[in-house]
Amino acid sequence: MNITQSPIWQELQSQARALKQRPLRELFNEDPQRAAQFSLELPEFLLDFSKNQIDQATFANLMQLAREADVPGWRSDMFAGAPINATEGRPVLHPALRGGIAEDVAFENASVRDAVEAELQRLKEFVVLLHNGDLVGYSGKRITDVVNLGVGGSHLGPQMAIEALRAHRKGDVAVHFVSNVDGAQLKDVLVGLDAESTMFVVSSKTFTTSETMTNARSALAWLQDASGLDTAELLKQQFVAVTASPDRAEKFGVLPERVFRFWDWVGGRFSLWSAIGLPIAIACGFENFRALLDGAADMDRHFRETELESNAPVIMALLSTWYCTFMEYPAHAVLPYEQALHMLPAYLQQADMESNGKSTTRDGREVDYATGPLIWGQTGINGQHAFYQYLHQSPEVVPADFIGSVAPGHDLQGHHEILMANMLAQSQALMNGVSAEEVSRELAGKGLAEAEIARLTPFKVHRGGKPSTTILLKELGPRSLGALIALYEHKIFVQGVILQIFSFDQWGVELGKGLAAGLESKLAQGDLHGEDGSTAQLIEYYRRFTARAASTATEPATAEA
């Protein structure tokens, strides 16, 4: 069934038009219990969604929409290992990586639970050896630095988690990340590192990712230049692989015992719970990595077992659908008031937009509605001095998630109260705004003349009615971070189910990668056959100036007079 033709969809469209005209502060005035009714308290955080443009009737209809889209059925299928990633014929089992499935699932005639636990045990043993100083480089020096080479989910998830858990670091092994094929990043990371004590983790699901493998070969060359040793020996000594294609990693030269596996049923952007999370375990200790998994498993159980009306991921998915698809607000801001979460907006940008940035329904029809918002944001205090002017006074409406914690991640006095006061004030200001009458009274109280008040008032009005959700963690730690990430993962899944799209493939990523592979040789050789005029012009410009630079570099130096 095309869900857009259902009566509930039509009713929600009508409610969206009506609620766009209703001030949020009016909804609070009409219902003194609104905050309590539109909030959930979970073990790790309070979810307050009362500052959203919904009323009880809309909330009930959104829940009915979830039922008509068969969210419970799709949820059951995912946890049971059904191939819900239909275009690739795969199950979606990243909850199994953290013990979040109720019953074991067989994949290729093997227990998923046993495979996951075996790989986690291998990770633990490796991390213990590393922290104990038992792993050494080619000269016998202990490994002190680990460089993760990966892109997308093989980089964003682990780096985001390590930054978020900065207060929970363990051991003295430093972890670095290289994701960009721009050699400047690799060179910057390698500056100051000792080749004798640096290990590389090559993280690639297919072990063919062009950017990652190029960086791996350059890292190997750096080791060879420093050591003068054969590459085969260096690969055995100072390279680790994390991949769903272990045969390719071993063919590259990594020792089988240094190859850590995850599986095709793990999407890259949902893979930090797997061996892709090795850098997290190295930086924060395996116990904290396990606590991260446990927190996510807690959210899996909440999502799997809780009725829709009290289900945090379902509520967040419905709110996102409400705004993006029914209210036609195209963007959504993620605003963490925690410096440690500064990478969370970028992480969620990939997780959400790569999942639901689709234009084809599950039955192959082109959609005639928005399927997912543009996700953006940064840490709140920095954002206040950058783009909050737009949030407050632009005619555009950008729903936002404010994320903070009760307990600070430091012992400096006075800082956290200022931070939290700002977070609460910004969500309040977005909701209420300031009317012309309120501005006029304020200016009159300052003694301004009537003419000056009339002149200034239009510039100081904030129309308000800008919706937001607040997630207030008790504290930011491994367990609460795991729950927070899993909350968003399941939110993304539910939104895709409601909008009748497949959330777990990413064919849009493949087109540009395929074209890039063909253009690499043209940049080197100048063959412009079959290219459009713009691309041909850009290649010619590139080749003209690289040729000039090469010519200049080979010219003999002239003696100065």
Side-chain angles (χ1 to χ4, degrees), residues 126-152 154-204 209 211-242 252-254 258 260 272 276-286 288-289 339-340 342-343 346-347 379 409-410 553:
F126 180 84
V127 171
V128 169
L129 288 173
L130 189 59
H131 284 181
N132 287 346
D134 295 328
L135 299 182
V136 299
Y138 61 82
S139 69
K141 281 188 179 181
R142 65 165 294 193
I143 297 298
T144 59
D145 292 89
V146 170
V147 180
N148 188 81
L149 307 175
V151 68
S154 298
H155 143 252
L156 271 172
Q159 188 170 10
M160 177 275 295
I162 289 172
E163 292 293 326
L165 300 176
R166 183 173 293 276
H168 300 266
R169 299 283 179 89
K170 300 289 183 184
D172 57 357
V173 178
V175 178
H176 315 268
F177 288 88
V178 175
S179 59
N180 200 334
V181 75
D182 183 343
Q185 187 186 29
L186 180 62
K187 293 200 73 168
D188 285 347
V189 168
L190 294 180
V191 168
L193 295 186
D194 183 353
E196 297 176 69
S197 56
T198 299
M199 177 174 282
F200 294 92
V201 177
V202 185
S203 296
S204 171
T209 308
E211 303 94 325
T212 300
M213 300 316 298
T214 298
N215 282 329
R217 287 187 287 270
S218 293
L220 182 58
W222 177 73
L223 285 176
Q224 189 175 30
D225 288 344
S227 67
L229 296 176
D230 182 77
T231 56
E233 185 60 32
L234 294 168
L235 281 164
K236 292 176 183 177
Q237 194 77 25
Q238 288 175 238
F239 271 75
V240 171
V242 180
F252 185 73
V254 182
R258 297 279 181 91
F260 296 96
L272 71 86
I276 288 290
L278 175 60
I280 307 171
I282 293 171
C284 303
F286 187 82
N288 282 328
F289 180 60
Q339 180 59 34
H342 72 98
M343 286 192 67
Y347 175 77
T379 50
H410 55 80

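Along the sequence shown, residues carry numbers from 1.
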Derivation and outcome, side-chain contact (heavy atoms from CB on, under 4.5 Å), residues R169 and N288: CA-CA 9 Å; R169 299 283 179 89; N288 282 328; over 6 Å; no
- line: Sorted by chain and number, sequence neighbours left out, ring pair (Phe, Tyr, Trp, His ring centres under 6.0 Å) with F126 holds for F260
- prompt: Closest heavy-atom contact between A167 and G409?
  reply: CB-O, 4.2 Å
message: Rounded to the nearest 0.5 Å, what separates atom CG in N148 from atom NE2 in H155?
response: 8.5 Å
message: Per the salt bridge (Lys or Arg N to Asp or Glu O under 4.0 Å) rule, what does the pair list look like for residues 213-230, sequence neighbours excluded?
response: none
message: Restricting to side chain to side chain donor-acceptor pair (under 3.5 Å), what partner residues turn up for Q238, sequence neighbours left out?
response: none
- prompt: Can you name the residues that form a side chain to side chain donor-acceptor pair (under 3.5 Å) with T212, not counting sequence neighbours?
  reply: none
May I have the list of side-chain donor-acceptor pairs in residues 172-181 shorter than 3.5 Å, sequence neighbours left out?
unit_1: D172; atom_1: OD1; unit_2: R142; atom_2: NH2; d: 3.1
unit_1: D172; atom_1: OD2; unit_2: R142; atom_2: NH1; d: 3.4
unit_1: H176; atom_1: NE2; unit_2: D145; atom_2: OD2; d: 2.8
unit_1: N180; atom_1: OD1; unit_2: D182; atom_2: N; d: 2.9

message: With rounding to the nearest 0.5 angstrom, report the CG to NZ distance, L165 to K170.
response: 11.0 Å
statement: Taken in chain and number order and not counting sequence neighbours, the residues that satisfy side-chain contact (heavy atoms from CB on, under 4.5 Å) with L190 are L186, L193, F200, W222
task: Could you check V240 against V146 for side-chain contact (heavy atoms from CB on, under 4.5 Å), going step by step and ending with a plain yes or no?
output: CA-CA 10 Å; V240 171; V146 170; over 6 Å; no
- prompt: Can you tell if the side chain of R258 reaches within under 4.5 Å of the side chain of M199, non-hydrogen atoms only?
  reply: yes
statement: All heavy atoms of A216 vs all of F252, minimum pair found to be CB-CZ, 4.1 Å
- prompt: Could you state the interatomic distance from CG (L229) to CD (Q237), rounded to the nearest 0.5 Å?
  reply: 9.5 Å
statement: side chain to side chain donor-acceptor pair (under 3.5 Å) filter on K141, not counting sequence neighbours, yields D194
message: For the CG atom of L149 and the OG1 atom of T209, what is their distance to the nearest 0.5 Å?
response: 11.5 Å
Derivation of the side-chain contact (heavy atoms from CB on, under 4.5 Å) call for V202 and V254: CA-CA 10 Å; V202 185; V254 182; 5.9 Å; no
task: Report the distance from atom CD of Q159 to atom CD1 of I280, rounding to the nearest 0.5 Å.
output: 11.0 Å
- request: Output the distance between atom CG (L235) and atom CD (Q224), rounded to the nearest 0.5 Å.
  value: 9.5 Å
statement: R166 meets the salt bridge (Lys or Arg N to Asp or Glu O under 4.0 Å) criterion, sequence neighbours left out, with E163
query: Excluding sequence neighbours, so at least two apart, what forms side-chain contact (heavy atoms from CB on, under 4.5 Å) with S154?
result: S203, I276
Show which side-chain atoms of residues 132-140 pair as donor or acceptor with protein atoms under 3.5 Å away, not counting sequence neighbours.
unit_1: N132; atom_1: ND2; unit_2: V128; atom_2: O; d: 3.4
unit_1: S139; atom_1: OG; unit_2: E196; atom_2: OE1; d: 2.5

- request: For S227, enumerate each residue passing the side chain to side chain donor-acceptor pair (under 3.5 Å) test, keeping only those at least two apart in sequence or located in another chain.
  value: none
